[in-house]
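Reading through the structure tokens given below for one structure.
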Amino acid sequence: MNDYVLQLKELRKDFITDEKKELKAVNGVNLSIKKGQRVAIVGESGCGKSTLAKLITHIEKPTSGQILFMGNDITSINKKQLKEYRRRVQMVFQHPSSVFSPRMKVGKFLMEPWLNYEHKSKQEAKAEALKSLDRVKLPKEYFDKYPHMLSGGELQRVAVASAISLDPELLICDEATSALDVSVQREIISLLAQLQEKSKFTILFISHDLAAAEDFCDTVVVMYLGNIVESLKTDCMLKDARHPYTKSLLKSVFRVHDSQTNPIHILQGDPPSPIGLHEGCSFCGRCDYAKDICKTEKPDLRILEDGHSVACHIVT
């Protein structure tokens with residue numbers, strides 16, 4: 001029996017710029033996610049997190065590599081297979097308003113999965129839509145409301161309700177809480193945790209907010225410029241993080257109980273352009289510990305111990 005919901009093998013996505021240059025957005029990613037896990041992918045803007053999500057959901061096609069879902073290769077699938085796949089793999093986006101038609105009432109939006117996939121009657125679809133509202137703790141009166149009548153947090157609840165209505169195996173949250181107020185972020189994260197406990201789906205949580213990822217997920221995958229540089233359990237991040245970039249991210253997180261006298265760590269320099277990358281480590285230009293080998297050889301993602309992998313020449 002395959003314990004993995006998702007496996008990515010040497011997954012790459014290159015774009016060609018207007019100047020006919022190659023931009024490496026995802027650069028040979030290997031990742032395995034087990035059933036029931038909550039896996040966070042974190043990193044600075046432009047590191048390839050969202051492109052990776054688009055590859056998994058087939059919004060973008062990979063340049064090379066493999067995507068395995070429930071043990072089956074779905075890297076290249078036809079339209080009929082894609083429809084079934086998107087039933088089982090759902091996505092919640094950063095801005096919920098972008099997925100709603102301003103002319104469509106919330107109820108009709110929630111009825112669509114049942115009409116399109118299950119071919120339910122309108123009466124049956126309405127009953128299921130009302131259940132979906134209840135699952136995300138919204139009263140039935142919201143069925144007849146338009147998107148502009150809802151707050152950002154309420155819209156995101158509806159988006160979550162739609163995404164999980166057909167009980168997918170994998171839910172991808174692409175910055176799903178970053179556009180919300182802090183208190184509302186907490187509500188949505190708590191809601192996702194409750195829904196997962198009941199329905200047992202797997203969550204891929206893509207975020208630039210390391211604190212939220214650390215609090216919500218059991219595993220954090222750190223990306224830098226299209227590469228995974230470290231993967232480890234969240235309950236040991238502070239003491240076990242080994243990659244210089246991961247350590248820099250952790251030092252940049254403001255914690256409630258931090259001393260006001262602690263220095264604020266700022267990662268110096270900007271990430272290099274993903275266009276025309278050199279062969280070595282993409283982080284070496286900002287790393288205080290870089291050696292000559294870092295400039296010429298890309299480090300492999302090595303397993304240090306169970307649940308902890310790192311791609312770094314200086315980590316032994």
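Remark: side-chain polar atoms of Glu22 are not paired, donor with acceptor, to backbone N or O of Ile275 under 3.5 angstrom. A donor-acceptor pair is defined here as one N or O able to donate and one able to accept, closer than 3.5 Å; no such pair exists between the side chain of Glu118 and the backbone of Pro113.
Looking at heavy atoms from C-beta onward, Glu60 lies in side-chain contact with Phe15 at the 4.5 angstrom threshold. Side-chain atoms of Met223 and Val42, non-hydrogen and from C-beta on, never get closer than 4.5 Å to each other. Counting heavy atoms from C-beta on, the side chains of Ile41 and Leu52 come closer than 4.5 Å.
By the 4.0 Å N-to-carboxylate-O rule, Lys126 lies too far from Glu124 to be salt-bridged with it. Using a 4.0 Å cut-off between charged nitrogen and carboxylate oxygen, Glu44 and Arg286 count as a salt-bridge pair.
Within the cation-pi definition used here (under 6.0 Å to the ring centroid, within 45° of the axis), Lys145 qualifies as a partner of Tyr142. Under a cutoff of 6.0 Å and an axis angle of 45°, Lys83 and Tyr117 form a cation-pi pair.
When each of Arg38, Lys233, Gln37 is checked for a side chain to side chain contact (heavy atoms under 4.5 Å, CB included) with Cys217, only Arg38 meets the rule. For the side-chain hydrogen bond (donor to acceptor under 3.5 Å, both in side chains) with Arg186, the lone residue among Asp215, Asp181, Thr177 that qualifies is Asp215.
The shortest non-hydrogen separation linking Val99 to Phe93 is CG1-CD1, 3.7 Å. Scanning both residues, Thr246 and Glu230, for their nearest heavy atoms gives OG1-OE1, 2.8 Å.
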Practice prompt. Kindly indicate, with the supporting measurements, whether the criterion side chain to side chain contact (heavy atoms under 4.5 Å, CB included) is fulfilled by Cys173 and Leu192.
Written response: CA-CA 10 Å; Cys173 300; Leu192 287 169; 4.0 Å; yes
